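One-based numbering along the sequence shown. This one's a predicted model, so the numbers in the text were calculated from it and none came from an experiment.
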Amino acid sequence: MCGIAGWADVGLDLTREVDGVERMVRTMACRGPDAAGIHVGTHAVLGHRRLAIIDPEGGRQPMVGPAEPDRPAGDRPAVVLSYSGEVYNFRELREELRGFGHTFRTRSDTEVVLHAYLQWGQDFVRRLNGMFAFALWDEREERLLLVRDRLGIKPLYVARLGTGVLFGSEPKAILAHPRFRARLDSQGLADLLGLMKSPGVTPYRDIEEVPPGCVAVHDREGLRTERYWSLGRQPHEDDLGTAADTVRALLEDTVSRQMVTDVPLCTLLSGGLDSTVLTALAARVQARAGEPPVRSFAVDFTGSEADFKASDFRPERDSPYALEAARHIGTDHRLIELSADELTRDTNRDAVLRAHDLPYTFGDVDTSLHLLFRGIREHSTVALSGESADEVFGGYAWFHDPAVIEAAAFPWLSRMQLITPELLSPAFRAATRFEQYRADRYQEALGEVEHLPGDSPSERRMREISHLHLTRWLPALLDRKDRLSMAAGLEVRVPFCDHRLVEYVHNTPWDLKTPDGDPKGLLKRATRDIVPRSVLERRKSPYPTTADRLYEKDLRARTQALLADRSSPAFDIVDATELGRMLDHPQGHYDTQLRRNGLETALYLDRWMREYDIAPE
């Protein structure tokens, strides 16, 4: 996994503008600690930071390929690739390309991606199975392609600058360019704070996110976005048994593909269904290859056994289930335990802010996740994680709540919000039309859903809810996982995001996804022979949070200090009076988590606007 950055402008000679791109590339060092490189051309400068995963010696970047190999070497226009990600079917593609006469100097998937473009042109991206975000400059056409994977696993941003564009894996790369000035886009901030993740939208004026499943094209005609993949509706003829067998086969194939690496690999094992399935399948791959047991990692908090209080939101602790799953599967299991002192330390909170480049945090959840990744990185470079299983198979509680299903709103907002509308300042709510904007984005998202004529009303509704999660909720979770892991130099792979699996299960009728009303029942039937019974029967429990009162005390103190500084730029967004009221501790874990999220968001808004010197509109 890597970080990319660069500048393309067909109207400028950029050979004297390398310093700006070098600044951009330096911000990507956390994503690529192993190597750095820059390719300088007349109208494009592409930079790269590398985390070496496959073919450490041969996969150096940016990678240059001759566009016209029959011409003399000094007279060949080049195709240049700065690539971040993994293409899991690169071996099959390499053999197919060899059949067309291509030769390869390395074992890397990067070289396969480059030759695939040379063979098939822009449509080559449809052949790729993986997680990726990359820039490809074609000197023949004076054209830049910015390509992002189907589900948005890997991030990619672009900003217009004069007649050209800047791009980077994260906003910080673009913000580092000396000609770019960070300015607030209030509507984009409302989108982020509202947990809507509208495709392409950011809280930075003039910075766009390349939407999942899209290619941003920049040439002499300007910048435009072209979609190559969307989540469509196809007939499904399989019965439950066949569907379960198909899911199992797809999972076995994708886990096997995603375990290809030249560096140490592990799994994240929480003791929930999703992580246990992946760990069990990974262990089988290791065993067949005659390799040592797979490593697994879990997180817990100091004193959690004594401090934990069960609730409907979080009914059980993870650790006992993770340990039981590890014993059942036979993993080399390790627990990373975190203290309240680590969670409240300024350096760790700041690391989360800089990882996101956004005022986006779930507080101690994000801090502990980043610290978990840092701990894992001491032992492994690649980890498998269970993101998207709940979105794909319908695992969240609100998928099964009639009131939420009937409501004309994003379903997750019934349980999870960064900030409630009441906590926003009246001026910000009015300027952004916050509630109406959220309602409009909801209707816009519904308009993307495809149905078949024979779909019943209930099937149509559950397909809408599934689509909303895959296109508006999952991208936020994937972005969070990518930023917090890559800030630790750890690559996290997400097998449940394989687009073949997502397409198949999305088109599976709801009653087959949840047979007899069992949440994720299809996944359970597909994997019940490899998962402990206790895990199969376990209730859904989200990522853990600390119950240590020291964390609560620290959060209150930080909020009080913020309230004492009425010059904070955060109070252009947050209502100070309402923030003061939120210091009172409501009853119930769900209410407590909402309150915590609100306080944390106010604090991170203050730090973000100061840290990045966000200029008002």
Side-chain angles (χ1 to χ4, degrees), residues 1 51-56 86 88 91 131 247-300 316-338 368-369 371-387 389 481 485 488-498 501 523-524 526-538 541 543-544:
M1 197 53 58
L51 177 63
I53 301 295
I54 295 175
D55 193 5
E86 308 290 347
Y88 302 123
R91 290 172 169 172
M131 57 177 191
V247 166
R248 176 62 172 267
L250 285 168
L251 281 172
E252 288 179 344
D253 179 70
T254 192
V255 168
S256 178
R257 289 177 183 274
Q258 296 195 24
M259 291 184 71
V260 175
T261 174
D262 293 331
V263 296
L265 177 143
C266 69
T267 69
L268 305 179
L269 179 59
S270 69
L273 176 65
D274 315 331
S275 65
T276 303
V277 165
L278 294 185
T279 301
L281 291 173
R284 291 189 164 203
V285 173
Q286 294 274 89
R288 284 196 299 268
E291 297 178 358
V294 67
R295 285 178 175 173
S296 60
F297 288 87
V299 67
D300 204 354
E316 300 164 314
R317 292 174 59 235
D318 281 348
S319 290
Y321 288 92
L323 185 58
E324 183 177 355
R327 289 172 176 164
H328 179 87
I329 298 166
T331 73
D332 176 7
H333 188 65
R334 307 183 186 196
L335 178 69
I336 294 179
E337 188 173 276
L338 304 174
S368 66
L369 190 59
L371 292 174
L372 169 63
F373 292 148
R374 275 176 28 188
I376 292 173
R377 185 61 175 86
E378 295 178 6
H379 308 277
S380 296
T381 310
V382 176
L384 300 185
S385 181
E387 263 71 25
K481 180 63 66 73
S485 61
L490 178 73
E491 174 177 298
V492 174
R493 300 178 178 179
V494 282
F496 284 110
C497 286
D498 184 285
L501 177 69
L523 178 60
K524 294 175 184 177
T527 59
R528 57 190 172 188
D529 61 312
I530 57 173
V531 176
R533 184 181 181 88
S534 60
V535 173
L536 285 172
E537 297 176 349
R538 186 186 178 192
S541 188
Y543 184 90

A.B. asks: Keeping R538 on the side-chain end and G271 on the backbone end, is there a donor-acceptor pair under 3.5 Å?
C.D. replies: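 Yes, the answer is positive, given that a donor and an acceptor are paired below the 3.5 Å cut-off.
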A.B. asks: Taking the side chain from R248 and the backbone from A526, do they hold a donor-acceptor pair closer than 3.5 Å?
C.D. replies: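 Yes: the side chain of R248 pairs with the backbone of A526.
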A.B. asks: Counting distance only, does the side-chain N/O of T254 pair as donor-acceptor with the main-chain N or O of L250 below 3.5 Å?
C.D. replies: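 Answer holds: no.
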A.B. asks: Any chance you could measure K481, atom NZ, to R493, atom CZ, to the nearest 0.5 Å?
C.D. replies: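 Between atom NZ of K481 and atom CZ of R493 there are 14.5 Å.
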A.B. asks: Determine, step by step, whether F496 and L501 satisfy the side chain to side chain contact (heavy atoms under 4.5 Å, CB included) criterion, reporting the C-alpha distance in whole Å, the side-chain angles of both residues, the deciding distance to 0.1 Å, and the verdict.
C.D. replies: CA-CA 7 Å; F496 284 110; L501 177 69; 3.9 Å; yes
A.B. asks: Heavy atoms only: give me the nearest C266-I376 pair and the separation to one decimal.
C.D. replies: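 That would be SG-CG2, 3.6 Å.
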A.B. asks: Could you tell me the separation between the OG1 atom of T279 and the CG atom of D274, rounded to the nearest 0.5 Å?
C.D. replies: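 So the gap between those two atoms works out to 10.5 Å.
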A.B. asks: Between R334 and H379, do the side chains contain a donor N or O and an acceptor N or O under 3.5 Å apart?
C.D. replies: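 Yes.
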A.B. asks: Looking at Q286 and P292, would you say the former's side chain and the latter's main chain have a donor-acceptor pair under 3.5 Å?
C.D. replies: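 Checking the backbone N and O of P292 against the side chain of Q286, a donor-acceptor pair under 3.5 Å is found.
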A.B. asks: Would you say S368 and Y543 are linked by a side-chain donor-acceptor pair, where the criterion is simply a distance under 3.5 Å?
C.D. replies: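 Checked: Y543/S368 side chains pair up, N/O donor to acceptor below 3.5 Å.
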A.B. asks: Heavy atoms, side chains only, cut-off 4.5 Å: are R91 and V260 in contact?
C.D. replies: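 R91 vs V260: side chains touch.
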A.B. asks: Say you draw a straight line from CZ of F297 to CG of L372; how long is it, rounded to the nearest 0.5 Å?
C.D. replies: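 Reported value, rounded in 0.5 Å steps: 8.5 Å.
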A.B. asks: Less than 4.5 Å apart, any side-chain heavy atom of L384 and any of M259?
C.D. replies: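 A side-chain contact under 4.5 Å exists here.
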A.B. asks: Please output the side-chain donor-acceptor pairs of residues 322-330 that fall under 3.5 Å, not counting sequence neighbours, one pair per line with the distance.
C.D. replies:
{"from": "E324", "atom 1": "OE1", "to": "S534", "atom 2": "OG", "distance (Å)": "3.1"}
{"from": "E324", "atom 1": "OE2", "to": "S534", "atom 2": "OG", "distance (Å)": "3.0"}

A.B. asks: Go through the steps to decide whether L265 and Q258 satisfy the test side chain to side chain contact (heavy atoms under 4.5 Å, CB included), and finish with yes or no.
C.D. replies: CA-CA 10 Å; L265 177 143; Q258 296 195 24; over 6 Å; no
A.B. asks: Taking side chain as C-beta onward, heavy atoms only, is D300 less than 4.5 Å from D318?
C.D. replies: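 Sidechains of D318 and D300: no contact.
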A.B. asks: Decide side chain to side chain contact (heavy atoms under 4.5 Å, CB included) for M131 and C497; before the verdict, give the C-alpha distance in whole Å, the side-chain angles of both, and the deciding distance to 0.1 Å.
C.D. replies: CA-CA 9 Å; M131 57 177 191; C497 286; over 6 Å; no
A.B. asks: How many angstroms lie between CZ in R317 and OG in S270, if you round to the nearest 0.5 Å?
C.D. replies: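 If we round to the nearest 0.5 Å, R317:CZ and S270:OG are 13.0 Å apart.
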A.B. asks: Kindly compute the distance separating CZ (F373) from CG (L268), expressed to the nearest 0.5 Å.
C.D. replies: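 CG of L268 is found 6.0 Å from CZ of F373.
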A.B. asks: Quick one: do R284 and I530 satisfy side chain to side chain contact (heavy atoms under 4.5 Å, CB included)? Show the steps, please.
C.D. replies: CA-CA 10 Å; R284 291 189 164 203; I530 57 173; 3.2 Å; yes
A.B. asks: Does V255 reach the side chain of V277, with side-chain heavy atoms less than 4.5 Å apart?
C.D. replies: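 Not in contact.
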A.B. asks: Taking atom OG of S385 and atom CG of L490, what is their separation to the nearest 0.5 Å?
C.D. replies: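 Answer rounded to 0.5 Å: 10.0 Å.
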A.B. asks: Just by distance, do the side chain of T267 and the backbone of L269 share a donor-acceptor pair under 3.5 Å?
C.D. replies: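 It does not hold such a pair.
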